[in-house]
Amino acid sequence: MVIENKLFEVKNISFDYDGEEIFSDISFSIESGDVLCILGPNGTGKTTLIKCLNGLNEINSGEILINGEDIKGLSFRQISKHVGYIPQSHVPSFPFKVFDVVLMGRAPYLNLTDSPKEEDRKIALDALKTLGIEGLKDKEYTNLSGGERQLVFLARVLCQKPDILILDEPTSHLDFGNQIKLLEIIDNLAKSGLSIIMSSHFPDHAFLSSTKVAIMKNKKFIDFGTPDDVVTEENLKRAYSIDVKLMELDDKRKVCVPMKTNLTLDL
Ligand SMILES: Nc1ncnc2c1ncn2[C@@H]1O[C@H](COP(=O)(O)OP(=O)(O)OP(=O)(O)O)[C@@H](O)[C@H]1O
């Protein structure tokens, strides 16, 4: 009998910070082409979970498997060939040229004394072109806006040629238009075979690019499934403790509208 391994499988994982439990017993799996959007209120543990998924935080119990292999047994270099991670914010420390920052994404494929080869440079340029930002290549990374930095970091991660992209609030620094453009890029990357996990504060985004949605609250996933099944008025109220109306646009696209809470401030 042939056992097919899932691309990325999370089995009953738990994590605490110095005894303070952040989540427990979370399980899910994703395949090539999936985009999983993790929603949930502030401080619920989305970033902590994401750092566990890429090996930055060590889980207390459970297993995280890539193609059937436990990441516990993999070095960071090996994980980097499978998983590309973009944190919520990244502070640049040195005025490298954008092209060189992107080229650094090839590091998992180079030995300590190797210089990048022509092929590595081509991969870096292609990544900039895929995101439509080749015009930034000679700029200093330190002089970029938050949104431009986000896209450059994504280009760098694409150079790792990962199977899985893990993005912590990828649209947080992007303007209204660039948010949609990035979600379209995510959709295209998934269609090209990557699988993507992202956290978001915008339930609407799940309808734009996701195949699966998880809502995280009270140390668990309170729901997991397709956007239509999970992003419901009832679940959004459970998650965010406000009323939300779901509306369908002409092209059948759904949008989530938060209702006023009528809270008054004592000033
Ligand atoms: N390094 C740390 N040490 C101790 N506690 C931490 C650490 N990092 C985060 N926490 C705590 O863990 C909890 C979950 O934080 P986390 O950043 O994972 O939430 P989040 O869902 O990503 O939040 P947000 O949506 O506001 O970004 C919070 O209570 C936070 O204060």
Side-chain angles (χ1 to χ4, degrees), residues 8 10-28 30 35-64 71-72 76 79 83-91 93 146-147 149-151 153-154 157 164-176 178-179 182-183 186 195-210 212-225 227 230-232 235-244 256-258 261 263:
F8 194 73
V10 171
K11 290 185 180 172
N12 311 102
I13 62 167
S14 307
F15 179 84
D16 68 64
Y17 285 117
D18 300 323
E20 191 191 331
E21 188 176 71
I22 303 299
F23 59 82
S24 72
D25 209 19
I26 285 185
S27 301
F28 66 90
I30 53 168
V35 179
L36 166 62
C37 179
I38 304 173
L39 300 170
N42 287 129
T44 202
K46 300 178 296 298
T47 296
T48 303
L49 171 64
I50 274 177
K51 286 185 179 168
C52 290
L53 300 182
N54 62 33
L56 283 178
N57 281 343
E58 200 176 323
I59 50 176
N60 296 69
S61 56
E63 286 176 320
I64 299 170
I71 65 167
K72 259 190 208 145
F76 269 117
I79 293 175
V83 179
Y85 163 60
I86 304 194
Q88 241 176 62
S89 57
H90 27 93
V91 183
S93 52
R149 242 180 256 155
Q150 199 98 343
L151 292 172
F153 211 93
L154 177 56
V157 162
I164 303 151
L165 269 184
I166 300 185
L167 314 168
D168 197 354
E169 291 184 34
T171 55
S172 59
H173 294 282
L174 300 181
D175 69 37
F176 207 49
N178 275 331
Q179 289 189 14
L182 183 75
L183 292 170
I186 286 175
S195 81
I196 294 165
I197 300 173
M198 64 176 189
S199 63
S200 176
H201 282 303
F202 301 99
D204 293 303
H205 290 181
F207 290 119
L208 283 162
S209 62
S210 305
K212 290 179 175 162
V213 184
I215 298 187
M216 193 170 179
K217 192 166 182 188
N218 299 335
K219 306 178 184 180
K220 304 267 179 215
F221 280 178
I222 60 169
D223 206 353
F224 181 90
V230 172
V231 184
T232 60
N235 267 345
L236 294 176
K237 180 155 187 163
R238 275 171 83 198
Y240 300 106
S241 308
I242 54 159
D243 288 317
V244 179
C256 309
V257 183
T261 62
L263 268 184

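Atoms within each ligand, like the ligands themselves, are counted from 1 in listed order. Only heavy atoms go into these numbers, but all of them, side chains included; no hydrogens, no water, no symmetry mates.
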Sub-4.0 Å heavy-atom environment of ligand 1, residues by chain: Y17, I22, P41, N42, G43, T44, G45, K46, T47, T48, Q88, E169, H201
What are the two closest heavy atoms between K220 and D25, and how far apart are they? NZ-CB, 3.9 Å
F8 vs F28 aromatic rings, parallel, tilted or perpendicular, using cut-offs 30° and 60°? tilted
How about Y17: does its OH atom have over 12 heavy atoms from other parts shown lying under 6.0 Å from it? yes
Which of H173, K46, E169, Q150 passes side-chain hydrogen bond (donor to acceptor under 3.5 Å, both in side chains) with Q88? It is E169
To the nearest 0.5 Å, atom CD1 of I59 lies from atom CG of D16 at 12.0 Å
So how far is it from S199 OG to I50 CD1, rounded to the nearest 0.5 Å? 4.0 Å
